[in-house]
Colleague: 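I am attaching a structure below and will ask some questions about it afterwards.
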2 protein chains.
Amino acid sequence: MRDTDRSAVRALHLFADMTEASFEAVVRGSFLQSFPPGVELLRQSDTADFLHVLLDGSVELLAATAGRETTIAVVYPVASFILAAVLRDRTYLMSARTLTRARVLMIPGQNVRAVFAVDPAFAAAVVDELAVAFRFMVRELKNHKLRTGAERLANWLLLAMDPGGAVHLEFEKRVLAARLGMTPENLSRALATLGPYGVAVSGRVVSVTRPDELRRFAHPDPLIDQV
Amino acid sequence: MRDTDRSAVRALHLFADMTEASFEAVVRGSFLQSFPPGVELLRQSDTADFLHVLLDGSVELLAATAGRETTIAVVYPVASFILAAVLRDRTYLMSARTLTRARVLMIPGQNVRAVFAVDPAFAAAVVDELAVAFRFMVRELKNHKLRTGAERLANWLLLAMDPGGAVHLEFEKRVLAARLGMTPENLSRALATLGPYGVAVSGRVVSVTRPDELRRFAHPDPLIDQV
DNA sequence: AAATTGGTTTGATCTGAATCAAACGATACT
DNA sequence: AGTATCGTTTGATTCAGATCAAACCAATTT
């Protein structure tokens, strides 16, 4: 691992407070790898050999059963993923696939488990990361079970828009659709549904002209939408 | 806390490996309380003051927004709940309500956080518990997004049935419906749907006469259904 | 025994969303 | 410039589930 990468990794919340020796022990045997878009990084049901930390790009976590497939989450830097599987030394419950070019740090699972046992600061960071991940999943489940597609979209727009009310999509609409748990067709319709509340689409720019009205439609809820 | 309760609590996975001093520190200021059915133990958006450990009975975790409500999980003994909120010292994302009479151990959140920092065995148990909870949520989300109601029911029956193929419901069907994420009406219809696959209902007893056929319909998946 | 109550089932209807299909539009390629 | 490609939009249809309403059933109360 290059020195610049090393210090970037060291600065991650997960590794920031641990001792130098512990960091060394975690990182030994780890490697940083770059992937093109559309690569499957890991497959559900495989055993959890490596903790993945996304440094650049974006990665989709998805799950499949009986020929169906669904996106569970989209991961942005800097974040670890499949930490729970690594800690428990179990199989992955989700697959992961790069959406864009991505740089990923891969840390042998046994390093994580070994250092966890001896470095309290690392243990605390791991628990923090895991608790955040758990709460994220709860929010996702609430978002999905308590809201319609158009409502999920409206709330996403309210969070993503800049102070001027514009949202510049940095990815294809199909990716946004998956992230919001709907088909591309229905995303298109959901955007049309929000027209009367001041939402207009032009290519990859969505503009929110009357945020207050949109908010009234969306019913934003800090227990679902907040970071 | 009575001595018999104390040793029962001590035997929980979460507390089994910690030192006696740590256990003492966690338990000091904790209290064991009994509740009748239908009592709200905690409400979403309240601050997480107590870790709850269910010793007897059953508790429903539910979430609400914009006038809608949904069941996230049903908890059975022995299990802790809302651990993530307590560890992060945040507000609860879910409400909890007793379904039956229930005995609950309530542990001050600051005890948990304090002992976590000094007892590695406890820290390990906490991470384990949290990782299990996280993976449970992932499974739930997959179960919900990838399957129809009838399929969720079929898989539930396959897990709940005894070797003879009988399932004795220990609670009302409305509770099962909530647990499976559907209305009571649709549970009734889902049971009817499974008739051709050898499922028959008689009051609170459901019998599965042709498990292999039901399995073919259900597509059970260890990455969703397994414990 | 009759009546009340509360859970369950059945039926009809409505809504949200997926699917199938075709048109459209922008970009990249020859 | 013309053409292929791929993502997006629009339309029609189908499906899963929720909702509303009424009937039903069993257990308990009066």
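Note that this is a predicted model, so its numbers are computed, not measured. Throughout, protein chains are lettered first and strands after them, A, B, ... in sequence-line order, and every chain is numbered starting at 1.
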Colleague: Has A:R43 got more than 12 heavy atoms of other residues, nucleotides or ligands less than 6.0 Å from its CZ?
Modeller: no
Colleague: Should B:E151 and A:R68 count as an ion pair when the cut-off is N to O under 4.0 Å?
Modeller: yes
Colleague: Starting at atom NZ of A:K173, determine the distance to atom P of C:dT27, rounded to an integer number of angstrom.
Modeller: 12 Å
Colleague: Are the charged groups of B:D5 and B:R103 less than 4.0 angstrom apart, N to O?
Modeller: yes
Colleague: I want to verify a distance call: between D:dA18, C:dA17, D:dT9, whose nearest atom is closest to the B:N186 side chain?
Modeller: D:dA18
Colleague: Compare the minimum distances between each of D:dT19, D:dT9, D:dG17 and the side chain of B:T183, then state the nucleotide with the smallest one.
Modeller: D:dT19
Colleague: Within this structure, what is the CG-to-P distance between A:L176 and D:dG7, rounded to whole angstrom?
Modeller: 15 Å
Colleague: D:dA16 C1' sits how many Å from B:H144 NE2, rounded?
Modeller: 11 Å
Colleague: Taking CG from A:L194 and P from D:dT9, how many angstroms apart are they, rounded to a whole number?
Modeller: 13 Å
Colleague: With distance as the sole criterion, do the side chain of B:E185 and the base of D:dC20 form a donor-acceptor contact below 3.5 Å?
Modeller: yes
Colleague: Name the nucleic acid region contacted by A:T148, choosing base, sugar-phosphate or nothing; use a 4.0 angstrom heavy-atom cut-off, strictly under.
Modeller: sugar-phosphate
Colleague: Does a side-chain N-to-carboxylate-O contact under 4.0 Å join A:E69 and A:R97?
Modeller: yes
Colleague: Taking CZ from B:R204 and C1' from D:dA26, how many angstroms apart are they, rounded to a whole number?
Modeller: 12 Å
Colleague: Quiz question: going by heavy-atom distance under 3.5 Å, is there a donor-acceptor pair between the base of C:dG11 and the side chain of B:R189?
Modeller: yes
Colleague: Any salt bridge linking B:R147 with B:D225? Criterion: basic side-chain nitrogen under 4.0 Å from a carboxylate oxygen.
Modeller: yes
Colleague: Could you give the CG-to-C1' distance, from A:L187 to C:dA17, as a whole number of Å?
Modeller: 13 Å
Colleague: Rounded to whole Å, how long is the line connecting atom CZ of B:F171 with atom C1' of C:dG7?
Modeller: 15 Å
Colleague: Using whole Å, what does the distance between atom P of nucleotide C:dA18 and atom CZ of A:R174 come to?
Modeller: 15 Å
Colleague: Which nucleotide, C:dT8, D:dA18, D:dT9, lies nearest any side-chain atom of B:E172?
Modeller: C:dT8
